[in-house]
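Residues: numbered from 1 along the sequence shown. Heavy atoms only: backbone and side chains are in, while hydrogens, waters and symmetry mates are out.
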Amino acid sequence: MSTYRIENCAGSAESARRAELGGAYRVELCAGLPEGGTTPSYGEILTARRAINIKLNVIIRPRSGDFLYTPIEVEAMLADIRMARELGADGIVVGCLTADGAVDKPLLRRFVEAAEGLPVTFHRAIDVCQDRTQALEDIIEAGCARVLTSGGAASAPEGADAIAALVKQAAGRIIIMPGAGVTPENVADLARKTGAREFHFSGRTAEPSPMRYRHEGVSMGGTVTIDEYAYLFTDPKKIRQAVEALQALE
């Protein structure tokens, strides 16, 4: 069995199913992928759990934007962690910062405690904090199992040197998982440069909607830049290609 692992960022239960077909080790289930991922619905989590036999992590993020949360948002996040746990999630994905750009350690500990033993991934909030080196220590101290990061860059390939530094700093205490801009074409090079063993990417392909009648020019999101008649699903071929590229390094 390969020691490398692919986590697919799946925007739906259907994408999660396709990720498993491609050989993904784990799925991170999200809604709102164009917004960087938000908490999926009860029904989406339930359906994904029933649809796949691989690991299922659920992102807990009540909205797009920054990672400074109000007390009401925190209550919603804690409730969503309980929901994900009760629906059979294998882990949760979360992140929280203070107004000054540091990890909100007391809040992160509350999230870890609410997970009740499920592994917690700290997401790319680390990429917009003031000091990633200190942030990593804070995340480890809070009891997280994994960090998803682009190394503070726009993409993981661009942040490869910074990711390598985090891998070295972690020294086996926590998993460093590169994400953002990862593709089947660059994942092997990223593995060589960073020393990471887990990689996160969406691997989506657009499929035309089967709708025959189309009322063009009206957007449900208030913008005409989104194609309302295209579905973006995880592509099993892209997952398989990434898995094979990493297996070739063994």
Side-chain angles (χ1 to χ4, degrees), residues 1-10 16 19-30 37 52-59 89-95 112 115 117-127 132-133 135-203 234-250:
M1 180 179 292
S2 174
T3 59
Y4 289 104
R5 293 173 175 176
I6 290 292
E7 175 181 276
N8 176 240
C9 183
E20 182 173 26
L21 290 176
Y25 173 80
R26 182 176 55 244
V27 162
E28 180 198 55
L29 188 65
C30 305
I52 64 174
N53 293 309
I54 59 175
K55 299 289 186 181
L56 174 66
N57 284 2
V58 175
I59 193 170
D90 296 297
I92 68 159
V93 183
V94 74
V112 171
L118 292 183
V120 175
T121 298
F122 192 93
H123 58 49
R124 290 189 61 214
I126 192 174
D127 292 324
R132 286 189 304 278
T133 299
L136 182 60
E137 295 302 322
D138 294 339
I139 292 165
I140 292 170
E141 183 183 341
C144 292
R146 181 179 294 102
V147 175
L148 171 63
T149 180
S150 64
S155 71
E158 294 173 80
D161 290 343
I163 295 171
L166 289 174
V167 171
K168 183 177 180 180
Q169 179 187 344
R173 295 176 295 161
I174 193 170
I175 296 166
I176 305 297
M177 180 171 61
V182 178
T183 68
E185 293 75 26
N186 65 27
V187 68
D189 186 54
L190 194 57
R192 283 189 290 263
K193 288 181 177 178
T194 64
R197 310 297 292 187
E198 297 192 6
F199 300 86
H200 169 103
F201 76 109
S202 60
T234 296
D235 187 337
K237 292 180 181 179
K238 292 183 178 181
I239 302 297
R240 191 172 303 112
Q241 288 168 354
V243 170
E244 291 173 352
L246 290 171
Q247 287 176 340
L249 298 177
E250 299 284 6

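Residues Thr234 and Val27 form no side-chain contact, since every pair of their non-hydrogen atoms from C-beta on lies 4.5 Å or further apart. A 4.5 Å side-chain heavy-atom check between Ile175 and Arg197 finds every atom pair outside the cut-off. Taking the side chain as every heavy atom from C-beta outward, Glu28 and Ile59 approach each other to under 4.5 Å. Side-chain atoms of Tyr4 and Gln247, non-hydrogen and from C-beta on, never get closer than 4.5 Å to each other. Contact annotation: the side chain of Phe201 approaches that of Ile239 to within less than 4.5 Å [non-hydrogen atoms, C-beta and beyond].
Smallest separation of non-hydrogen atoms from Ala245 and Pro184: CB-O, 4.0 Å. For Ile6 against Ala242, the heavy-atom pair with the smallest separation is CD1-CB, 3.9 Å. Across every non-hydrogen atom of Phe122 and Ile139, the tightest pair is CD2-CD1, 3.4 Å. In plain terms, the two heavy atoms of Leu249 and Ala191 that are nearest each other are CD1-CB, 3.8 Å. Scanning all heavy atoms of the two residues, the minimum distance from Pro157 to Ala180 falls at CD-O, 3.7 Å. The shortest heavy-atom contact between Gly179 and Ala156 is O-CB, 3.6 Å.
At distances below 3.5 Å, not a single donor-acceptor pair connects side-chain atoms of Asp189 with backbone N or O atoms of Asn186. Between the side chain of Gln241 and the backbone N or O of Glu185 there is no donor-acceptor pair closer than 3.5 Å. Under the 3.5 Å distance criterion, the side-chain polar atoms of Asn57 are left unmatched by any main-chain donor or acceptor of Val93. Between the side chain of Asp90 and the backbone N or O of Leu56, at least one donor-acceptor pair lies under 3.5 Å.
Distance OG1/Thr133 to CG/Leu166: 6.5 Å, rounded to 0.5 Å. If you take CG on Leu136 and OG1 on Thr149, they are separated by 9.0 Å, rounding to the nearest 0.5 Å. For the atom pair CG (Leu29) and CD1 (Ile92), the distance works out to 13.5 Å, reported to the nearest 0.5 Å. Note that CG of Asp235 and CZ of Arg240 are 8.5 Å apart. Values are rounded to the nearest 0.5 Å. Atom-to-atom distance recorded for Gln169:CD and Ile174:CD1 is 10.0 Å, nearest 0.5 angstrom. To the nearest 0.5 Å, atom CD of residue Glu158 and atom CD1 of residue Ile163 are 10.5 Å apart.
Under 4.0 Å is where a charged nitrogen must lie from a carboxylate oxygen, and between Glu137 and Arg173 at least one such pair does.
Of the residues listed (Arg146, Glu198, His200), the one engaging Thr121 in a side chain to side chain donor-acceptor pair (under 3.5 Å) is Arg146, and it is the only one.
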